2 protein chains.
Amino acid sequence: MSQTAQKHDVFQAIADPTRREVLKLLAEKELPISEITSHFPMSRTAIAKHLKVLTDAELVSGRKQGREKIYRLHPEPLTELRRFYEQFWSNKLSVLKYVVENDKEK
Amino acid sequence: MSQTAQKHDVFQAIADPTRREVLKLLAEKELPISEITSHFPMSRTAIAKHLKVLTDAELVSGRKQGREKIYRLHPEPLTELRRFYEQFWSNKLSVLKYVVENDKEK
DNA sequence: AGTATATAAAACCATTTGGTTTCATGTCAA
DNA sequence: TTGACATGAAACCAAATGGTTTTATATACT
């Protein structure tokens, strides 16, 4: 269980639309599992599994409070998304090439 | 087979590390399938399937030229990635909240 | 014409994914 | 202490994913 365990990465974690929605919910405020579940047309167990994946990717963390488990967002890993995105769209030759070549076709 | 078919979306397309690498390759210049394949430890057929997924997500397109099929990058759909990212990290309350609350803990 | 090359298409396979149901456990409240 | 509530854990399942091998077809080269 090292710091680098990370069975699921960010890219995989956000591949599922339900998980993306969960992240949006948690961006507002932290929530217990049952609260989160109430926003989706599926079982609590299914949501719990999604939360497991998000936890693996270190995008959320849950703490037990009484009989509830409360999840909160950890947005940092999303910066990897940004880095990926910028390889293609930020001050990169590829973008220029793309734009130029597309202009030619018109 | 409408224009809106789009069986695979961008998030799903970039979930696989091989496909992310393919995109990086194509950011440099357009390439035929066999050329792309030579960069990976798997069969041409496997790469062709990855290219199919990327095509579904409209991240690449292929044109037949002689006996080769040449693929090129279409980076536009990646903006959806950016929009997603910015929901969490760009001038949003959630970020402020996150930072503030993290400060408190230290 | 015949051979090598580049891709396409299909069948197949193991593993992962995204869901379910069922049962067990811990906690709160009356 | 009894019952309701919130979660955990396990078994199960169908479909999707990521790969393979095999066979076919079109193009290029000599």
Side-chain angles (χ1 to χ4, degrees), chain A residues 1 5-26 29-73 77 84, chain B residues 1 5-26 29-73 77 84:
Chain A
M1 300 289 183
Q6 207 165 353
K7 180 181 170 188
H8 293 102
D9 66 8
V10 181
F11 295 100
Q12 200 179 336
I14 65 162
D16 184 90
T18 299
R19 286 195 292 268
R20 291 198 296 275
E21 277 303 312
V22 169
L23 292 179
K24 287 189 199 176
L25 277 179
L26 295 180
K29 63 170 185 295
E30 48 181 37
L31 292 172
I33 299 185
S34 46
E35 255 293 302
I36 300 174
T37 302
S38 72
H39 290 80
F40 298 91
M42 68 187 68
S43 70
R44 176 195 52 80
T45 315
I47 295 296
K49 285 188 183 180
H50 283 307
L51 287 167
K52 171 72 163 54
V53 174
L54 292 171
T55 303
D56 282 353
E58 299 181 358
L59 280 164
V60 305
S61 65
R63 68 174 192 283
K64 203 78 180 270
Q65 182 175 288
R67 51 183 165 182
E68 294 187 327
K69 188 159 184 183
I70 299 184
Y71 277 89
R72 79 186 285 175
L73 180 68
F84 180 77
Chain B
M1 304 283 184
Q6 207 168 353
K7 181 181 169 189
H8 293 103
D9 67 7
V10 181
F11 295 99
Q12 202 179 334
I14 66 161
D16 184 89
T18 300
R19 286 195 292 269
R20 291 198 297 275
E21 277 304 312
V22 168
L23 291 179
K24 288 188 200 176
L25 277 178
L26 294 179
K29 64 171 185 297
E30 49 181 36
L31 292 172
I33 299 185
S34 46
E35 254 294 301
I36 299 174
T37 303
S38 72
H39 289 81
F40 299 91
M42 67 186 69
S43 70
R44 178 193 52 78
T45 314
I47 296 296
K49 285 188 184 180
H50 282 307
L51 287 167
K52 171 73 163 54
V53 174
L54 292 171
T55 303
D56 282 352
E58 300 181 357
L59 280 165
V60 305
S61 65
R63 69 173 193 284
K64 203 76 180 267
Q65 183 175 288
R67 54 183 164 180
E68 294 188 326
K69 187 159 183 184
I70 300 184
Y71 278 89
R72 80 187 283 176
L73 180 69
F84 179 78

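Here is the naming used below: chain letters follow the sequence lines, and residue numbers restart at 1 for every chain. Here the structure is a predicted model, which means the values were calculated and not measured.
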Find the distance Lys64(A):NZ to dA6(D):P and express it as a whole number of Å. 13 Å

Between Arg67(B) (CZ) and dA28(D) (C1'), how many Å, whole number? 4 Å

Whole-Å distance, Ile33(B) CD1 to dA26(D) C1', equals 14 Å

Length of the line joining Ile47(A):CD1 and dT17(C):P, which is rounded to integer Å: 17 Å

Let me know the distance between CD1 of Ile70(A) and P of dT27(C), rounded to the nearest Å. 14 Å

Check whether any side-chain heavy atom of His50(A) lies under 4.5 Å from a side-chain heavy atom of Met42(A), and answer yes or no. yes

When rounded to the nearest 0.5 angstrom, what is the spacing between CD1 in Ile70(A) and NZ in Lys29(A)? 11.0 Å

Taking C-beta and beyond as the side chain, do Asp56(A) and Lys52(A) meet within less than 4.5 Å on heavy atoms? yes

Could you tell me whether the phosphate oxygens of dT7(C), OP1 or OP2, come under 4.0 Å of any side-chain nitrogen or oxygen in Ser34(B)? yes

Among dT20(C), dT7(D), dA8(C), which nucleotide has an atom closest to any side-chain atom of Thr45(A)? dT20(C)

Could you tell me how far apart Leu51(A) (CG) and dG19(C) (C1') are, to the nearest whole angstrom? 15 Å

Could you tell me which non-hydrogen atom of Ala15(A) sits nearest to which non-hydrogen atom of Gln12(B), and how far apart they are? CB-CA, 4.2 Å

Rounded to whole angstroms, how far apart are CZ on Arg44(B) and C1' on dA10(C)? 13 Å

Going 5' to 3' through nucleotides 14-19 of chain D, assign each nucleotide B (protein heavy atom under 4.0 Å from a base atom), S (under 4.0 Å only from sugar-phosphate atoms) or - (no protein heavy atom that close). ---SSB

All salt bridge (charged side-chain N to carboxylate O under 4.0 Å, His left out) counterparts of Lys49(A), not counting sequence neighbours: none

Quick check for you: among dA6(C), dT7(C), dG8(D), whose closest atom lies nearest to any side-chain atom of Lys69(B)? dT7(C)

Side chain to side chain, Ile47(A) and Thr18(A), heavy atoms closer than 4.5 Å: yes

In whole Å, I'd like the distance from the CD atom of Glu35(A) to the P atom of dT7(D). 10 Å

Check whether any side-chain heavy atom of Phe84(B) lies under 4.5 Å from a side-chain heavy atom of Leu23(A), and answer yes or no. yes

